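Everything numeric in this text was worked out from a predicted model, so none of it was measured.
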Amino acid sequence: MDDERFSLYMAMDGPHLDGLIGSAGILRFDWPERKFYIQHYDGISAAHNVSLSPNGRLALLGNFSQQLVLVDISRPDDMKIVARQSTMYFEECLYRLRSNTHHLWYPDNETFIGAVGDHLYRFHVDHLKEPEQLGPHKLFNAHEIRWDPSHRYILIGDLGPEHTDARQIAVFDLEEADPLKRTRVIKLPGTVWHCCVHPQKAVGYAFTYSFATEQENYVDWSPAYTREYIFEVDLPTARITRVWSCGSEFPIHLNSDVDVTRDNYLYVACGGSHTVVEIPLDRFDESRVLDCIPAWWMRALLWRQRLKNLVGALSRRATIISTHFILQTLQVTGWRILDGIYAARVSPQGNYLITGNRGYNVVTVYDRKTFKKLYSKLLPFRRDRYIKSPHYHLGWRGYHLGFHHSEVISR
């Protein structure tokens, strides 16, 4: 198995609880070399996802700061930005989370699709200021976008606006002649941020992302201890064909990375629950749950980050009168203060499962069949000129990296 060579890229968004208000960076992890490369970028905030070009030479750093960020990743020790473009040049923005976070690369390594404002656009890497508008997505705020193997149908998750729950997804048909008729919206009993598409057929999967609010405030939200759903979507007809659901006690809350393998297994990284859930799609019922808790000594070193998360949580709620939100959050996290698994990918040949634990700052490699832990690394904290500045004080030395979405590519 050590003969399998791959690189895993993760977006890094800093030390904050939900990864929506932090900094921007990229981490690369090479296997079997077990080597890490880390790069942070000034002028960009809230990195969220890394979309890799098919040849592995370029990446789009999806973020919540309303800009396209194109990175040259051909040299891992110098992952430099080669182009930046404000998306507000095309459509204005009234909401901090209304931004391009996920992208779709064409096989030519030069063209990609992204969601900006109310529409999907097709961009060329050499002409970012001159995109082609493909049509309206008809959602509040398009979030994750994934397409089927034929590159015809795009499944779109909806982040939702500031003051209401979304509870819908959309299927976008690139071959529909009329741009105004390309989108079909599907109403759901839960809000879906993240989705994925089967690598061999036009079938998608949408995962509910449940959170609790007060007075329709969808900015200072908390995890909701409630039932979750996974919806199987037939993309050509835009219909829900199967439903997977679980009780609130099942550890699958606040999903991040989601993916389907060629041998028909679904994987869900659970940011709230410190787990990765594996579901066989031929039955769509039973599951395996991998508890991704680092070694005790790794956990012991992160007392400062626990304090940081605690302060962040208490900054959102009036503690004495919001115990119902606090208790829901603790039940979701298994009574832990730190975030869970935001990055999880199966290696290209299917031998390994690689996870990034956002709260514990740990990258781990598991044997995919047995879930045996093969390698685990507590990463160093960020220390650079920005953090050492007297104008920016965290109260301790170092800066938590904060893993978010990831992509893996064979080498």
[atom1]/[X] to [atom2]/[Y] distance, rounded to the nearest 0.5 angstrom?
| X | Y | atom1 | atom2 | answer |
| --- | --- | --- | --- | --- |
| Asp257 | Tyr342 | CG | OH | 11.5 Å |
| Leu330 | Thr323 | CG | OG1 | 11.0 Å |
| Glu407 | Ser53 | CD | OG | 11.0 Å |
| Ser210 | His253 | OG | NE2 | 8.0 Å |
| Thr111 | Trp105 | OG1 | CH2 | 8.5 Å |
| Asp13 | Ser23 | CG | OG | 7.0 Å |

request  = Applying side chain to side chain contact (heavy atoms under 4.5 Å, CB included), run through Phe6 and Gln349 and close with a yes or a no.
outcome  = CA-CA 9 Å; Phe6 59 84; Gln349 295 180 24; over 6 Å; no

Taking the side chain as C-beta and beyond, is there a heavy-atom pair between [X] and [Y] under 4.5 Å?
| X | Y | result |
| --- | --- | --- |
| Leu52 | Ile73 | yes |
| Arg5 | Ser410 | no |
| Glu91 | Tyr121 | yes |
| Arg57 | Asn109 | no |
| Gln168 | Leu188 | no |
| Leu353 | Glu278 | no |
| Pro348 | Val408 | yes |
| Tyr225 | Leu327 | no |

Anything under 30° is parallel, anything over 60° is perpendicular, the rest tilted; go ahead and classify [X] against [Y].
| X | Y | answer |
| --- | --- | --- |
| Phe29 | Phe36 | parallel |
| His194 | Tyr209 | perpendicular |
| Trp147 | Tyr106 | perpendicular |

Test your reading of the model: is there a side-chain donor-acceptor pair from [X] to the backbone of [Y], 3.5 Å cut-off?
| X | Y | value |
| --- | --- | --- |
| Asp72 | Met79 | no |
| Asn63 | Leu61 | yes |
| Ser99 | Gln66 | yes |
| Ser86 | Met88 | yes |
| Glu228 | Asn255 | no |
| Asn141 | Leu159 | no |
| Arg345 | Ser406 | yes |
| Gln39 | Ile26 | no |
| Asn357 | Val362 | no |
| Lys129 | Phe90 | no |

Check [X] against [Y] and note the closest heavy-atom contact, atom names and distance.
| X | Y | value |
| --- | --- | --- |
| Ala343 | Ile341 | O-CG2, 3.3 Å |
| Thr329 | Pro223 | OG1-CD, 3.3 Å |
| Asn100 | Ala115 | CB-O, 3.4 Å |
| Leu128 | Pro131 | O-CD, 3.7 Å |
| Pro251 | Val289 | CG-CG1, 3.9 Å |
| Ile279 | Ile230 | CD1-CD1, 3.6 Å |

Ser51 side chain to His102 side chain, donor-acceptor N/O pair below 3.5 angstrom =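 Per modelled atom types, Ser51 and His102 side chains form no pair under 3.5 Å.
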
ask   = Do His198 and Asn264 meet the criterion of a side-chain donor-acceptor pair at a distance under 3.5 Å?
value =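 Per modelled atom types, His198 and Asn264 side chains form a pair under 3.5 Å.
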
[atom1] ([X]) with more than 12 external heavy atoms under 6.0 Å:
| X | atom1 | answer |
| --- | --- | --- |
| Glu92 | CD | no |
| Arg239 | CZ | no |
| Arg122 | CZ | yes |
| Tyr37 | OH | yes |

query = Can you list the steps and then say if Thr208 with Thr226 is a side chain to side chain contact (heavy atoms under 4.5 Å, CB included)?
reply = CA-CA 11 Å; Thr208 54; Thr226 187; over 6 Å; no

Taking the six-membered ring for Trp, are [X] and [Y] ring centroids under 6.0 Å apart?
| X | Y | value |
| --- | --- | --- |
| Phe207 | Trp244 | no |
| Tyr95 | Phe140 | no |
| His137 | Phe172 | no |

ask   = Per the side chain to side chain contact (heavy atoms under 4.5 Å, CB included) rule, which among Val233, Asp234, Leu281 passes with Arg242?
value =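 Testing each of Val233, Asp234, Leu281 against Arg242, the sole residue satisfying side chain to side chain contact (heavy atoms under 4.5 Å, CB included) is Leu281.
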
Would you mind checking if [Y] and [X] are paired as a salt bridge, meaning a charged N to carboxylate O distance below 4.0 Å?
| X | Y | answer |
| --- | --- | --- |
| Glu162 | Arg96 | no |
| Glu176 | Arg184 | no |
| Lys201 | Glu232 | no |
| Arg98 | Asp118 | yes |

request  = Please determine which of Tyr267, Trp31, Tyr366 meets the ring-ring contact (aromatic ring centres under 6.0 Å, His included) test together with Tyr352.
outcome  =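 Only match with Tyr352 under ring-ring contact (aromatic ring centres under 6.0 Å, His included): Trp31.
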
ask   = Could you walk me through whether Arg28 and Glu33 pass the salt bridge (Lys or Arg N to Asp or Glu O under 4.0 Å) check?
value = CA-CA 12 Å; Arg28 169 173 163 165; Glu33 295 85 353; over 6 Å; no

query = Which is it for Tyr41 and Arg84 under the side chain to side chain contact (heavy atoms under 4.5 Å, CB included) test, yes or no, and what are the steps along the way?
reply = CA-CA 12 Å; Tyr41 305 101; Arg84 282 170 61 184; over 6 Å; no

Taking distance alone, no hydrogens or angles, what donor-acceptor pairs closer than 3.5 Å link side-chain atoms of residues 369-380 to residues at least two apart or in another chain?
unit_1, atom_1, unit_2, atom_2, d
Thr370, OG1, Asp367, OD1, 3.1
Thr370, OG1, Lys372, N, 3.2
Ser376, OG, Thr364, OG1, 3.0

key: Chi angles and distances behind the side chain to side chain contact (heavy atoms under 4.5 Å, CB included) call for Leu266, Val258   = CA-CA 7 Å; Leu266 186 66; Val258 292; 5.7 Å; no

